[in-house]
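For clarity, every value in this text was computed on a predicted model and none was experimentally measured. Naming: A, B, ... by sequence-line order, numbering from 1 per chain.
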2 protein chains.
Amino acid sequence: MVGVETGEPGEGPLAGLRVVEVSTFVAAPLGGMTLAQLGADVIRVDPIGGAPDHTRWPLAPSGVSLYWTGLNKGKRSLCADLRSPEGRELVTRLITESGPDGGIVLTNATGRSWLSGETLAERRPDLIHLQITGHRDGGAAVDYTVNAAVGFPLVTGPEGHAEPVNHVLPAWDIACGLYAALGILAAERRRRATGEGRLMRVALHDVALAMAGNLGFLAEAQVNGVNRPRLGNHLYGGFGRDFVTRDGHRLMVVALTARHWRDLVEATGIGEAVAALERALNADFSAEGDRYAYREVLAGLVGRWFAEHDLARIEERLRGASFLWSRYRTFTDLVGEGGGELRANPLMAVVDQPGVGPYLAPGSPIAALPDASRTVVRAPVLGEHTGEILRGLGLNEDKIADLRARGVVFAPQEV
Amino acid sequence: MVGVETGEPGEGPLAGLRVVEVSTFVAAPLGGMTLAQLGADVIRVDPIGGAPDHTRWPLAPSGVSLYWTGLNKGKRSLCADLRSPEGRELVTRLITESGPDGGIVLTNATGRSWLSGETLAERRPDLIHLQITGHRDGGAAVDYTVNAAVGFPLVTGPEGHAEPVNHVLPAWDIACGLYAALGILAAERRRRATGEGRLMRVALHDVALAMAGNLGFLAEAQVNGVNRPRLGNHLYGGFGRDFVTRDGHRLMVVALTARHWRDLVEATGIGEAVAALERALNADFSAEGDRYAYREVLAGLVGRWFAEHDLARIEERLRGASFLWSRYRTFTDLVGEGGGELRANPLMAVVDQPGVGPYLAPGSPIAALPDASRTVVRAPVLGEHTGEILRGLGLNEDKIADLRARGVVFAPQEV
């Protein structure tokens, strides 16, 4: 079932919450969008002409950024001259005069003292202000440089490859944006109980270090003195790898538990060979450590079965198996043939995005049960809500027209 | 400054919140830990002997899992026979009788009807229940198989490489766990306002699809019919790549904006060559599209400068530059020489983990300002809090001793 774009804000568990976002690129926009997709009224504030992410690739044929529209869905847009005292005062009022569920700022802007937590808290003592930075000292960084700094590119990629392999997915930006949304919700819960505001910082580099620590990578180096080797597509500490079918397709296969392994051995018909190996090597492949130690041998056995069968037969044979497997697919595969699988997923809905046209876009992956289509609201165009937001601040039509005429605010058409 | 482990729960903005987590592997444990590190009382419930993640690699020399201890910091542990009606009833009471800030379940267990949202909501109508699954239909999946299914391994890795390159960082698990924490906080905010509970599901596969959509990968394939090429370590749509220094070190360098590019050109002394190229090619490298189109040429120019200088000189020269850069480091580099940089970061604190010893572990990357050391509480040992949790349910010492003796619950020592 394809979800229908309703355009109605204020649904979802965060209805009533008001967040002002002054942001660019991935982490902060994603954090704001995550709150918007849970029902918050998120106002993205941009300078006239847009922030540096407004033209970020990929672009639609019209030149509209598919990246920007993807990361700003469901927000309202206010566009103002952020270098002018008047523009800054409007944004300050938007933040500080926004009722008990407002007074919340999410930003990755640095070096703007008028937008700092300290300055704004003078006008609104219960301010919640979360700033995303590259480094904890406020220094700049991006996903790619943080990733280089924390070790993952040197353990990712083909075995024997000597150079670093950057991930293409901006995983640290994603985690950072979600942490930012979490920090705001946690602070807002506390504010409801105590009336106290909270100033916070989430540094992209800290996010990456925290995850390298949480997942045991740092502990392994500290406690065991071991640097994780580069394993290609093998799963560390267990059994998992990619395999090629007779007709040239690729699958990722993972056996995490003893039951998974038993089922994989049965499905691929290698029981006798595996048992003989266990006896000869004095190994127990029901234990993940032994599966990992002999991963090349086991992959060789498992791989023969995949190489001898076509994908269709394999998919039929593995249906219902306990172990995990999936075909490798391209992005084009996912949207191919009309995007049937995507269309059938209530996560996705068709939105009609100006400059892009109708396309399938995702809502929040947090699904309320019973399962239903999610509301997916398109991204605004720059300044689309400038007029209504200024009216909400009590400005009359003459005043708004005057601000537009003098270039203090921007709206794309009559407001 | 090294943070001090206080072991005091209940600090942080989520103090008072009570979450029962029945989980294994990465996403659900990370979601629970994230809430615990913000001050919630998170009780991880495990079967006797532990869930399948309890022995997950990497392991300390003692056999204790550095992975498990990394992902369960700051929680309390209850260990019970989850196959026995008595054990199940204890966990059910723990969930349903936990006061107005309780009644919250985070789980990735499937197929256990006694733990389902529907069953538990009969005992506690305002239940908040979030289940993490692999697929939306409840089917199993893991980070590696989801990653294969959504396209990233085919755009990651060296240019010209034909095979998929899996990421080693379980990025989807991370995002899924953080979404789960967010879903719980959002639902709890709504419950405070309305008294209503909420049953939710976050599917790992939906998380990956949502991000592929949010970041424009799916839109690019749908709208433009373009499949993103494999770019090695080049940044898509801009200028960024790794470079090698004369003394063999590697750096990642990114110029996102026109100012970044200007500074990079100046720092590397390639101004004349770049200007000549712009004239000859009718290109404007202050525009990111042109920097991307001629990325190989520009990287060739920039790369010469790096290849002609040693790391120390380069670091000196680039200090304070506006563009982004970082050395590639291994995990061992990060913790080397006593982990000086990690020790100086208030994100990290030394915790003394049974079976591991003292090591530097991260707290929450959400920092309250002014900056201070974070509290980092070690992971429990299995069943460490079984006694106190059961006493909290009103059980007396005789009853607890009886439950232990009959194997309904487990505690590692006198409780």
Side-chain angles (χ1 to χ4, degrees), chain A residues 13-14 38 52 57-58 60 66-67 70 142 144-145 148-149 151-152 154-157 164 166-169 171 174-175 178 183 185-187 190 199 201-202 206-207 210 213-214 216-217 219-223 227 233 237 252 254 257 324 326 328 330-332 335 347 359 362 365-367 369, chain B residues 13-14 38 52 57-58 60 66-67 70 142 144-145 148-149 151-152 154-156 164-169 171 174-175 178 183 185-187 190 199 201-202 206-207 210 213-214 216-217 219-223 227 233 237 252 254 257 324 326 328 330-332 335 347 359 362 365-367 369:
Chain A
L14 298 184
L38 289 166
W57 284 33
L66 296 170
Y67 172 96
V142 292
Y144 273 66
T145 57
F152 288 94
L154 295 171
V155 295
T156 301
N166 295 347
H167 54 212
V168 169
L169 178 75
I174 291 172
L178 296 176
L185 289 192
R190 168 79 139 232
L199 312 186
R201 189 206 311 108
V202 180
D206 277 358
V207 167
N214 294 338
F217 288 90
E220 187 174 29
Q222 286 178 75
V223 176
N227 210 30
N233 288 339
M252 179 70 205
V254 176
T257 67
L324 299 318
S326 171
Y328 282 90
T330 64
F331 298 114
T332 306
V335 303
L347 173 72
Y359 79 110
I366 304 169
L369 300 176
Chain B
L14 298 184
L38 288 167
W57 284 34
L66 295 170
Y67 173 96
V142 293
Y144 273 66
T145 57
F152 288 94
L154 295 172
V155 294
T156 301
V165 172
N166 294 348
H167 55 212
V168 169
L169 178 75
I174 290 172
L178 296 176
L185 289 193
R190 168 79 139 232
L199 312 185
R201 188 206 311 108
V202 180
D206 278 359
V207 167
N214 294 337
F217 289 90
E220 188 174 28
Q222 286 179 76
V223 176
N227 210 30
N233 289 338
M252 179 70 203
V254 176
T257 67
L324 299 319
S326 171
Y328 283 90
T330 64
F331 299 114
T332 305
V335 303
L347 174 72
Y359 79 110
I366 304 168
L369 300 175

For the student: nearest non-hydrogen atoms of T145(A) and M252(B), plus distance | CG2-O, 4.0 Å

Which atom pair, heavy atoms only, marks the closest approach of P58(B) to G216(A)?
->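 Smallest heavy-atom distance, with atoms named: CG-O, 3.7 Å.
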
Quick one: are F331(A) and L154(B) in side-chain contact, heavy atoms under 4.5 Å?
-> no

May I ask you to test the N166(A)-Y328(B) pair for a side-chain heavy-atom distance under 4.5 Å?
-> yes

Please state whether the side chain, the backbone, both or neither of L178(A) comes within less than 4.5 Å of a heavy atom of chain B.
-> both

Can you tell which part of I174(A) gets under 4.5 Å to a heavy atom of chain B, answering side chain, backbone, both or neither?
-> side chain

Quick check on the interface: out of [options], who has the most heavy-atom pairs with chain B under 4.5 Å?
options	value
A210(A), G213(A), P52(A), A175(A)	A210(A)
T332(A), V202(A), L14(A), T156(A)	T332(A)
L185(A), T330(A), L169(A)	L169(A)
A148(A), G237(A), A221(A)	A148(A)
N214(A), L324(A), D206(A)	N214(A)
V207(A), T257(A), L66(A)	L66(A)

Can you tell me which of [options] forms the most heavy-atom pairs within a distance under 4.5 Å of chain A?
options	result
A186(B), A187(B), P365(B), G70(B)	P365(B)
H167(B), E220(B), R201(B)	R201(B)
A367(B), P13(B), P362(B)	P13(B)

Measure the spacing between OH of Y144(B) and CG of N233(A) and express it to the nearest 0.5 Å.
-> 7.5 Å

